[in-house]
Structures are given as structure tokens and as C-alpha cells.
Amino acid sequence: MPSDHYFSAAPASAENLRTLRVTLAGQELELTTAGGIFSPDRLDAGTAVLFANMPPLPPGGDFLDLGCGWGPIALTMALSAPHATVWAVDVNERALDLTRRNAEALGLTNVNAVKPDDVPDEVSFRTIRSNPPIRVGKNELHGMLERWIPRLDERSDAWMVVQRNLGADSLQRWMASTFTPGFSVHRAATGKGYRVLKVRRHGDPPTAPITVTG
């Protein structure tokens, strides 16, 4: 049998389209998923933990969903911030097709579901929200984060959910030692065996001067 993972560019497994009823951004929705992608039959527990522990989105700008799957994070951001442009990035062509299909079904015109190399180099992000593909392997994951985290705007945050048993704490330590200076990394929340990690890109200067009056 061929090796087939949710991070395969072209899954060899049968597409097997199916309908999924799910709540995103407070709305009951009916979306399309398929085989050969991540968590096709439900909103996965990690993404639910991320949704429960991340702050409101900025009102606009460019947002990134890194490893979009069938689109729950990208669609949530697009529904919650209609003036934003959401970049839904994945290497899995089937996942990108599903995200496009679901965005169209919801009437969302602010979602760009694309391969990594199709995001214009000049785009920087007001926020990154991601359930990253941990099982792709440490080297590949580190390379992915080294590519995208530096593209945060100043005074902007990345929020990622990672299962504790799959190396969340070691990933936090690696990011803290890698993205410096100008960044800070901390664990924002823990739930159901997952860590929510926040990466902050600070401004220049990192804080405003304190003005003393009177």
C-alpha cells in the first residue's frame, strides 16, 4: 500500500467526500470533508482547545492558518473578521480544494487557500493561528516555523496548539531559543492534553516610553 499521510501533497487514498456538521465562529455549519486529510470526521480536539483559549482576532489585515486541512481555523477567522484576508496554507492539494469549496459554500471571498510558495513574499501577518502538522517530523516542522514566524507584523502574535505528548514543551523551548531577539514565547493555556503556545513579535522599541505628568 502507498504511504499516505494528511501532509502528503497528493493523497493516494480515495477521496470519499462527506458532509460534516460543525460549529465555527458561533454558527452551525454544514461543510465538506474527505479522506486523506487531517481529522476529516470532526473538529479535532486540539483545534477546539485552540478556539477556547485564543483572543479575539484583529479587525483586519492578513492572517495565516498554517496547515489548514479542510479549513476550520481559516473559515473561523474569515467569518469572525470579514475585513481580513485569510491565507490558508497547506501542501495537501485535497485539503486546499476542500477549504476553497467550504469557503465558497459559506460565501466567503476573503480566504486564499494556497500552497506555501503561492503566498506573496511581501505579505506579513497580523496573526497566525495554527494546529501545525507535528507528525511531519521535527526538522520539517522547525523549517516551517522558521519560514513563517518571522513574517509576523510587529506587535503581533502567533497562536499554536500542540499535543503535550507529541513534544509541545520541547517545541516551546526550541522556539524560545530560535526566535530571539524581538520575540517572546510562552505557554498561554493547557487543556485536554494540549498546550496553546503564543509567540509574540515585539515592536521597535518593544515598549512605549512611560510619560510622567504632574
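What you are looking at is a predicted structure, and each value in this text was computed from that prediction instead of being measured.
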How about Thr85 and Asn110: does a side-chain donor come under 3.5 Å of a side-chain acceptor? no
Verdict with supporting geometry, Arg200 and Val185, side chain to side chain contact (heavy atoms under 4.5 Å, CB included): CA-CA 6 Å; Arg200 173 76 171 177; Val185 181; over 6 Å; no
Roughly how far apart are Phe179 CZ and Glu146 CD, rounded to 0.5 Å? 6.0 Å
As an exercise, state the distance from NZ of Lys192 to CD of Gln163, rounded to the nearest 0.5 Å. 13.0 Å
Looking only at non-hydrogen atoms, find the nearest pair between Gly67 and Asp90 and report the distance. C-OD2, 3.5 Å
Looking only at the side chains, is there a donor atom on one of Thr19 and Arg21 sitting less than 3.5 Å from an acceptor on the other? no
Would you confirm whether Asp97, through its side chain, and Glu93, through its main-chain N or O, come within 3.5 Å as a donor-acceptor pair? no
Tell me, do His83 and Pro59 make a side-chain contact under 4.5 Å, heavy atoms counted? no
Main-chain N/O of Gly26 paired with Thr23 side-chain donor or acceptor, under 3.5 Å: no
Could you check whether any side-chain N or O of Ser170 sits under 3.5 Å from a backbone N or O of Gly167, counting only pairs where one atom can act as donor and the other as acceptor? yes
Checking side chain to side chain contact (heavy atoms under 4.5 Å, CB included) against Arg101, which of Leu17, Thr33, Leu96, Leu106 comes through? Leu17
Answer yes or no: is there a side-chain heavy-atom contact under 4.5 Å between Ile73 and Leu50? yes
Value for CG (Leu66) from CH2 (Trp148), rounded to nearest 0.5 Å, stands at 7.0 Å
Any side-chain heavy atom of Leu64 sitting closer than 4.5 Å to one from Val86? no
Judged by atom type as modelled, is there a donor-acceptor pair below 3.5 Å linking the side chain of Ser177 to the main-chain atoms of Trp174? yes
From CD1 (Ile128) to CG (Leu152), nearest 0.5 Å: 4.0 Å
Looking only at side chains, do Thr99 and Asn102 share a donor and an acceptor under 3.5 Å apart? no
I need the minimum non-hydrogen distance between Thr32 and Trp70, along with the two atoms involved. O-CB, 4.3 Å
Is any side-chain heavy atom of His142 closer than 4.5 Å to a side-chain heavy atom of Leu171? yes
Determine the minimum heavy-atom distance between Ala88 and Val111, stating which atoms define it. CB-CG1, 4.4 Å
Would you check if the side chain of Asn92 reaches a backbone N or O of Gly36 as a donor-acceptor pair within less than 3.5 Å? yes
Do Arg100 and Asn112 have side-chain heavy atoms sitting under 4.5 Å apart? no
Closer than 3.5 angstrom, by distance alone: can the side chain of Trp87 be matched with the main-chain N or O of Phe125 as a donor-acceptor pair? no
Is there a side-chain contact between Leu24 and Leu31, using heavy atoms and a 4.5 Å cut-off? yes
Hey, are the side chains of Ser80 and Thr76 touching, using non-hydrogen atoms and a 4.5 Å cut-off? yes
Should Asp62 and Arg151 count as an ion pair when the cut-off is N to O under 4.0 Å? no
Determine whether more than 12 heavy atoms belonging to other residues, nucleotides or ligands lie under 6.0 Å from atom CD of Glu140. no
Tightest non-hydrogen contact, residues Met175 and Leu197, listed as CE-CD1, 3.7 Å
Taking all non-hydrogen atoms of both residues into account, name the closest pair between Gly60 and Phe63 and its distance. O-CE2, 3.4 Å
Non-hydrogen atoms of Arg195 and Thr190 that approach each other most closely: NH1-CG2, 3.3 Å
Test item: Asp44 side-chain N/O and Thr47 main-chain N/O as donor-acceptor pair under 3.5 Å: yes
Using 0.5 Å steps for rounding, measure from the CZ atom of Arg126 to the CZ atom of Arg155. 11.0 Å
If you apply the rule side chain to side chain contact (heavy atoms under 4.5 Å, CB included), what do you find for Val162 with Tyr194, and how did you get there? CA-CA 6 Å; Val162 181; Tyr194 291 86; over 6 Å; no
For Asp65 and Val89, run side chain to side chain contact (heavy atoms under 4.5 Å, CB included): C-alpha distance rounded to whole Å, both residues' side-chain angles, the deciding distance at 0.1 Å, then the answer. CA-CA 6 Å; Asp65 173 8; Val89 170; over 6 Å; no
Euclidean distance, Leu79 CG relative to Gln27 CD, rounded to 0.5 Å: 5.0 Å
With a 3.5 Å distance limit and no angle check, can you tell me whether Arg187 reaches the backbone of Val196 through a side-chain donor-acceptor pair? no
Are the aromatic rings of Phe51 and Trp159 close, with centres under 6.0 Å apart? no
Check: Val22 and Pro72 side chains under 4.5 Å, non-hydrogen atoms: no
Verdict with reasoning, Arg129 to Met77, per side chain to side chain contact (heavy atoms under 4.5 Å, CB included): CA-CA 9 Å; Arg129 308 284 167 101; Met77 293 196 292; 3.5 Å; yes
Apply salt bridge (charged side-chain N to carboxylate O under 4.0 Å, His left out) to the pair Asp169 and Arg164, showing each step before the final yes or no. CA-CA 7 Å; Asp169 295 340; Arg164 179 178 59 82; over 6 Å; no
Is there a donor in the side chain of Asp157 and an acceptor in the side chain of Thr127, or the other way round, less than 3.5 Å apart? no
